[in-house]
Amino acid sequence: MDWLMQAINEGTIPFLIRQTLLYAVPLMIVALAGVFSERSGIINLALEGIMIFGAFIGVLFVRLVQQWGWFEAANQAKDWMTMQGFAVLTMAVSALLGAVFAMLLAFAAINLRADQTIGGTALNLLAPALVLFLVRILVNQNVLQMDHGDSAGWFMLKESFFGFGVGRGANKTPSMGFFGQVFVNKVYPVTYVCIILFIILAILLYKTKFGLRLRACGENPQAADSLGINVFKMRYAGVGISGALAGMGGFVYAMTTANCTSSGEVAGFGFLALAVMIFGNWKPGNIAVSALLFGLFKCIAASYGSLDINGDGIYALKELGVSAHLYRLMPYLITLLVLAFTSKSSRAPKAEGIPYDKGAR
């Protein structure tokens, strides 16, 4: 138990929990995006592309607002409440444009009855090309960044905002306790916004009339239509919500792990989210647990060189002499292994991927 207390006191455990949530929450929200689309009967393989587009829109909006000077005074005054309002506003803009981008898939799959796998793949190819093209036009560079400052300086909470850890020497105020270090200090509040949204949408999907109708369209659209449910509208709604969540997830990823930059990629998080969705058997509770598992491995892969669990000054994972590339591959290898062992027990919606023909019975 001594090593555990040492890890808590040294900040290693709080760091691991914070970073795991940092990686897990975008996976959770984007995997839920896939659930809404596929429960309505539309396969959404375009999560990666929509995330890329949402990240671009979010970073561009932040950059423009900085240039306009709307929140400059609040940033200088360290008014963290106002700054979080700015972050939530940006999330809303990314969600809106993500939903619009997803309508390309909805129109092709619902109205044109095109192959949904090919449609999703096309959007995955279109998004990075479009983003890089727009970035080159806007800033003549390969990476779109904030106009000034960094993501942590604008959007991250710090214990000093609340009077903790301020001053020097004997006049320094005490730091936050364990829970403060885990859930407040060096945390992006948008993480909690996403968690609350995840819970609300999970309830919407499984405890409301709208959610029941949406799921019916993914299981037996003919039966749903016979009861007066407009299958086309419900599928458009499913893809629209899916696009909004994926676009929002893209911006949250860019803000929390990419220093609010957009470069036409999101490190495969969209495909990881698909794996989390399948591993979670299209159920929000299972998806949350799966996302935390993958988030932990992603955290280890990103910070293995600085992890000193027992506080003895030895970085065990680094001392193993394993190539850094193996640690970076680990989350994706774990994904393949988990899918290999669990995919047989996964049950997708019965009408998923099947274009709805109103005249067929």
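These numbers come from the heavy atoms of this one structure, side chains and all, not from hydrogens, waters or symmetry mates.
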Any side-chain heavy atom of [X] within less than 4.5 Å of one from [Y]?
X	Y	answer
Q222	Y356	yes
T261	L144	no
F251	C260	yes
K158	V184	no
N44	L105	yes
Q116	I118	no
L123	L45	no
S262	V131	yes

Roughly how far apart are [X] [atom1] and [Y] [atom2], rounded to 0.5 Å?
X	Y	atom1	atom2	value
L126	F53	CG	CZ	9.0 Å
L214	F36	CG	CZ	7.0 Å
I52	L47	CD1	CG	11.0 Å
L212	Y206	CG	OH	11.5 Å
T191	L157	OG1	CG	10.0 Å
S94	L89	OG	CG	9.5 Å

Identify whether [X] and [Y] are in the same connected component of the hydrophobic contact network (ILVMFWY, side-chain heavy atoms under 4.5 Å).
X	Y	value
M81	M91	no
L134	L64	yes
F164	M156	no
V187	F161	no
V100	M248	no

Closest approach of [X] and [Y], non-hydrogen atoms and distance?
X	Y	answer
V182	R18	O-CG, 3.1 Å
I50	G98	CG2-O, 3.9 Å
M146	N259	SD-O, 4.5 Å
G295	T20	C-CG2, 3.9 Å
M176	N185	SD-N, 4.4 Å
I229	C217	CG2-SG, 4.0 Å

Which pairs would a plain distance check flag for residues 276-289, meaning a side-chain donor or acceptor within less than 3.5 Å of a matching protein atom at least two apart in sequence or in another chain?
{"unit_1": "N281", "atom_1": "OD1", "unit_2": "R347", "atom_2": "N", "d": "2.8"}
{"unit_1": "W282", "atom_1": "NE1", "unit_2": "E38", "atom_2": "OE1", "d": "2.9"}
{"unit_1": "N286", "atom_1": "ND2", "unit_2": "G280", "atom_2": "O", "d": "3.3"}

Quiz prompt | Among F162, F71, W154, Y188, ring-ring contact (aromatic ring centres under 6.0 Å, His included) partner for W80 | solution =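 With W80 as partner, F162, F71, W154, Y188 yield a single ring-ring contact (aromatic ring centres under 6.0 Å, His included), made by F162.
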Exercise. Answer yes if the ring centres of F86 and F155 are under 6.0 angstrom apart, and no otherwise.
Key: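 Ring centres of F155 and F86 closer than 6.0 Å.
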Self-check item: Centroid-centroid under 6.0 Å between F294 and Y23 rings
Solution: no
Quiz item: For E72 and H148, does a side-chain donor sit closer than 3.5 Å to a side-chain acceptor?
Solution: yes
Look only at the side chain of [X] and the backbone of [Y], and say whether a donor-acceptor pair between them is shorter than 3.5 Å.
X	Y	answer
Q66	D147	yes
S37	V239	no
S242	A33	yes
E352	I42	no
R213	N230	no
R235	S40	yes

Quiz item: Between T256 and V190, is a side-chain contact (heavy atoms from CB on, under 4.5 Å) present by the stated rule, with each step listed?
Solution: CA-CA 9 Å; T256 58; V190 294; 4.3 Å; yes
Quiz item: Who passes side chain to side chain contact (heavy atoms under 4.5 Å, CB included) against F271, sequence neighbours left out?
Solution: E48, N124, L274
Quiz item: Considering residues, nucleotides and ligands other than K186, do more than 12 of their heavy atoms fall under 6.0 Å from its NZ?
Solution: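 No, the 6.0 Å shell around NZ holds no more than 12 heavy atoms from other groups.
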Exercise. Kindly check if the number of other-residue, nucleotide or ligand heavy atoms within 6.0 Å of CZ (F133) is above 12?
Key: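 No, not enclosed.
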Practice problem: Please assess T257 against L22 for the test side-chain contact (heavy atoms from CB on, under 4.5 Å), listing each intermediate value before the final yes or no. | Solution: CA-CA 7 Å; T257 65; L22 211 65; 4.2 Å; yes
Quiz item: In terms of ring plane angle, is the pair F179 and F183 parallel, tilted or perpendicular, where the classes change at 30° and 60°?
Solution: parallel
Quiz item: Is it true that E219 and R39 make a salt bridge, defined as a side-chain N closer than 4.0 Å to a carboxylate O?
Solution: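 The answer is yes: the pair qualifies as a salt bridge.
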Quiz item: Can you check side-chain contact (heavy atoms from CB on, under 4.5 Å) on M83 and K78, steps first, answer last?
Solution: CA-CA 8 Å; M83 298 312 299; K78 301 299 180 185; over 6 Å; no
Quiz item: Could you walk me through whether V59 and Q145 pass the side-chain contact (heavy atoms from CB on, under 4.5 Å) check?
Solution: CA-CA 7 Å; V59 175; Q145 300 175 328; 5.9 Å; no
